[in-house]
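Shown next, in structure tokens, is the structure this report addresses.
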Number of protein chains: 2
Amino acid sequence: MSRPRKRATVHDIAAAAGVSRGTVSRVLNGGYVSTEARAAIEAAILEVGYVPNNAARTLKMRRSQAVAFVALEPHSLFLDDPNIGSIMLGANAALSLADHQMVSLVVESARDTERVARYLSGGFVDGAIVVSARTRDPIIKVISDLALPAAFVGHPPELSESIPFVGIDNVDSARTITARLAASGRRRIGMIAAALDRDSGIDRLTGFRTALGTAYDSALVADVPHYDYGSGVKGMRLLLEREPELDGVFAASDAIAAGALEVLREAGRSVPGDVGVVGFDDSTWAVRCQPQLSTVHQPAKELGSFAAQLVLRQLQGEQVQTGGQLLPTPIVWRDSA
Amino acid sequence: MSRPRKRATVHDIAAAAGVSRGTVSRVLNGGYVSTEARAAIEAAILEVGYVPNNAARTLKMRRSQAVAFVALEPHSLFLDDPNIGSIMLGANAALSLADHQMVSLVVESARDTERVARYLSGGFVDGAIVVSARTRDPIIKVISDLALPAAFVGHPPELSESIPFVGIDNVDSARTITARLAASGRRRIGMIAAALDRDSGIDRLTGFRTALGTAYDSALVADVPHYDYGSGVKGMRLLLEREPELDGVFAASDAIAAGALEVLREAGRSVPGDVGVVGFDDSTWAVRCQPQLSTVHQPAKELGSFAAQLVLRQLQGEQVQTGGQLLPTPIVWRDSA
DNA sequence: TCCTACTGTGTGCACGTTCACACATCCGTA
DNA sequence: TACGGATGTGTGAACGTGCACACAGTAGGA
């Protein structure tokens with residue numbers, strides 16, 4: 001095994017400056033130090049190339065100044081959902097301001113789950129932000145057992161009591177944009193519903209149904225597994241087959257909407273002329289599409305920074321309200337409907 | 001400040017099981033232990049809910065079993081370059097197999113740079129994988145000064161001596177695909193060159209120039225800052241303005257190519273009929289476009305896992321060849337040229 | 001009987017840090 | 001002169017872990 005080159009410690013500084021460890025510590029952390037001693041120590045620090053050992057500091061202080069960002073299901077997230085990037089950046093910015101380090105952990109397999117659990121337990125982080133947890137993810141139990149200060153992005157229902165979360169109101173957002181689509185004169189409106197094994201998927205469908213009321217027709221709902229482009233293609237084909245007279249589509253995500261647009265183009269339908277299409281997320285997809293998507297803006301960056309705040313406040317001993325917070329989701333009306 | 005609930009230590013286990021700390025340690029790490037003692041200790045571990053303190057272990061062992069994944073320029077990377085996600089997943093998978101934890105650190109601002117430098121120095125990680133370093137990024141100096149086992153994805157020229165890297169041959173890949181575009185009968189071929197402050201950007205331009213030889217015309221190179229969609233739109237407009245007779249375009253990335261396609265569509269040019277377009281990356285953009293892009297496949301996942309291997313091998317004391325390794329980049333010929 | 005090898009257990013120390021405490025000096029004031 | 005406070009410094013202990021070492025008991029062979 002390669003032994004890393006010997007690193008300088010406070011002892012080395014003390015020896016070089018001709019003082020004791022305590023005085024060095026006082027220079028580093030504040031306290032009464034004479035100007036001569038301070039100067040000598042500062043010179044010695046540069047001379048020996050000292051960098052503090054965080055592992056030792058963490059051990060003593062029981063604080064690592066680091067917060068984990070746990071990304072579950074990274075495959076679909078990183079590759080199809082640009083939101084995750086914005087959430088990360090938002091969280092990083094907020095933690096950065098509080099002088100905390102964000103370390104993000106990727107959980108892909110069961111093996112990862114176990115290792116991440118060890119990592120979270122091991123005192124390397126003071127808290128955790130968890131994104132995209134499914135209802136029975138084992139990581140949730142680990143965090144709960146450890147009583148690790150944490151926050152969820154999204155809404156894991158069975159834990160709303162013990163761990164705070166931040167999210168959006170999927171039901172109401174879906175209801176609002178569907179209603180607006182209907183108000184624009186569309187008569188036969190379908191939905192490409194996705195991820196019905198998650199709250200977000202179920203809630204968006206519920207909102208759609210609520211908006212249409214008696215006009216709701218379950219035959220006009222195509223049920224696809226994921227929020228991605230390919231699912232959009234599949235879903236749109238299904239809908240067109242079932243109802244050629246369709247003149248409106250609510251897609252459960254922008255990526256799905258993009259796939260739907262492609263199928264509509266192939267089928268020779270004009271958008272928004274023949275068919276109005278609306279999406280969900282206001283991700284980078286929305287402005288890449290032709291025409292640009294009318295969609296629900298999801299405040300990804302704010303979700304990340306809010307979750308970070310929730311963790312930081314717990315670290316300061318504040319009792320945060322459990323039950324969580326829903327951020328507003330303005331509708332962005334562009335050209336696709 | 002909230003004091004985390006008191007955690008059980010080896011001492012607590014020892015007390016509960018009626019043995020000494022040493023015996024507990026032997027159960028955890030291997031050694032001669034009687035079956036009764038082992039049973040008692042295992043029961044005690046469950047009883048007190050012991051989780052080992054990694055900070056203490058790291059301090060003692062000088063090994064954290066964690067490797068940093070440092071993402072520089074995350075804005076553009078996360079939001080426009082899907083490659084970064086694949087690189088991360090590849091690295092994570094390789095580290096996971098070796099039972100190492102990947103922690104990814106996001107550097108957005110100067111403030112972040114300093115904090116990440118502290119983190120890397122602090123003994124929390126045994127090594128680092130650095131993605132998308134610019135030539136004079138301060139992080140490079142930190143790693144170099146620390147003599148931290150590291151690997152770069154991409155090619156920072158001034159450090160090729162001391163730190164291994166893995167990348168692709170941008171010059172040759174660009175040359176090859178440009179040559180193929182030319183061979184398909186195009187006479188006036190332009191390029192949308194991007195990120196000329198990075199090696200990758202410069203190299204792709206060099207490859208383009210080499211392929212065209214005497215047919216190269218610097219007026220047909222549009223120089224845009226980033227690898228993103230917006231830059232593609234801007235670059236294509238510029239090219240069309242300068243040379244309306246253009247019949248071929250090499251875009252420095254797929255996102256740029258996507259932007260270019262959009263402008264060509266607006267301008268009423270058919271692709272690949274009037275203009276042949278080729279991209280670079282073979283990212284998710286490539287198959288989303290209409291028509292789908294002919295492009296250079298970048299083995300993102302393999303880059304990540306190879307970089308991880310480079311770090312792991314250094315951790316095992318192996319002397320890895322500096323200078324680095326270039327992975328193959330097959331050309332994927334689809335419909336856009 | 002003694003020596004050696006093997007199994008099993010306990011103790012002390014070190015990793016590098018911070019903090020509480022003890023001590024020392026100087027000054028102003030009772 | 002004596003005292004208290006402010007300023008400055010050194011020492012010892014502790015955070016939780018793993019390992020080297022010492023030691024105890026048993027069994028087998030010379």
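As a basis for the values below, the full set of heavy atoms in this structure was taken, side chains included, without hydrogen atoms, waters or symmetry mates. Note on naming: letters A, B, ... go to the chains in the order of the sequence lines (proteins, then strands), and numbering restarts at 1 for each one.
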How many Å lie between [atom1] on [X] and [atom2] on [N], as a whole number?
X: A:F124; N: D:dG16; atom1: CZ; atom2: P; value: 15 Å
X: B:N54; N: D:dC15; atom1: CG; atom2: P; value: 18 Å
X: B:N53; N: D:dT17; atom1: CG; atom2: P; value: 6 Å
X: B:H11; N: C:dG12; atom1: NE2; atom2: P; value: 12 Å
X: A:R7; N: C:dC15; atom1: CZ; atom2: C1'; value: 12 Å
X: A:R62; N: C:dC19; atom1: CZ; atom2: C1'; value: 13 Å
X: A:R26; N: C:dT18; atom1: CZ; atom2: P; value: 12 Å
X: B:M61; N: C:dC13; atom1: CE; atom2: C1'; value: 13 Å

Quiz item: For A:E108, does its backbone N or O pair with a side-chain atom of A:D112 as donor and acceptor, under 3.5 Å?
Solution: yes

Closest nucleotide among [options] to the [X] side chain:
X: B:T23; options: C:dG10, D:dC19, D:dG16; result: C:dG10
X: B:A56; options: C:dT18, C:dT11, D:dG16; result: D:dG16
X: A:Y50; options: D:dT17, D:dT11, C:dT17; result: C:dT17
X: B:L59; options: D:dT17, C:dC15, C:dT18; result: C:dC15
X: B:K60; options: D:dG18, C:dT17, D:dT9; result: D:dG18
X: A:T9; options: C:dT9, C:dT17, D:dG18; result: C:dT17
X: A:Y32; options: D:dG10, C:dT17, D:dT9; result: D:dT9

Practice problem: Answer with base, sugar-phosphate or nothing: what part of the nucleic acid does A:A55 contact at a heavy-atom distance below 4.0 Å? | Solution: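 Result for A:A55 = nothing.
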
Quiz item: Heavy atoms under 4.0 Å, any strand shown: does A:N29 hit a base, just sugar-phosphate, or nothing?
Solution: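 Touches sugar-phosphate only.
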
Self-check item: Spatial distance of atom CD1 (B:I41) from atom CZ (B:R26) [nearest 0.5 Å]
Solution: 9.0 Å

Practice problem: Classify the side chain of B:R21 versus the base of C:dT11 as yes if they form a donor-acceptor pair under 3.5 Å and no if they do not. | Solution: no

Do [X] and [Y] have a side chain donor and acceptor closer than 3.5 Å?
X: B:S25; Y: B:N29; value: yes
X: A:R63; Y: A:T58; value: no
X: A:D99; Y: A:Q65; value: no

Quiz item: Looking at A:T58, does any N or O in its side chain come under 4.0 Å of the phosphate oxygens OP1/OP2 on D:dC15?
Solution: no

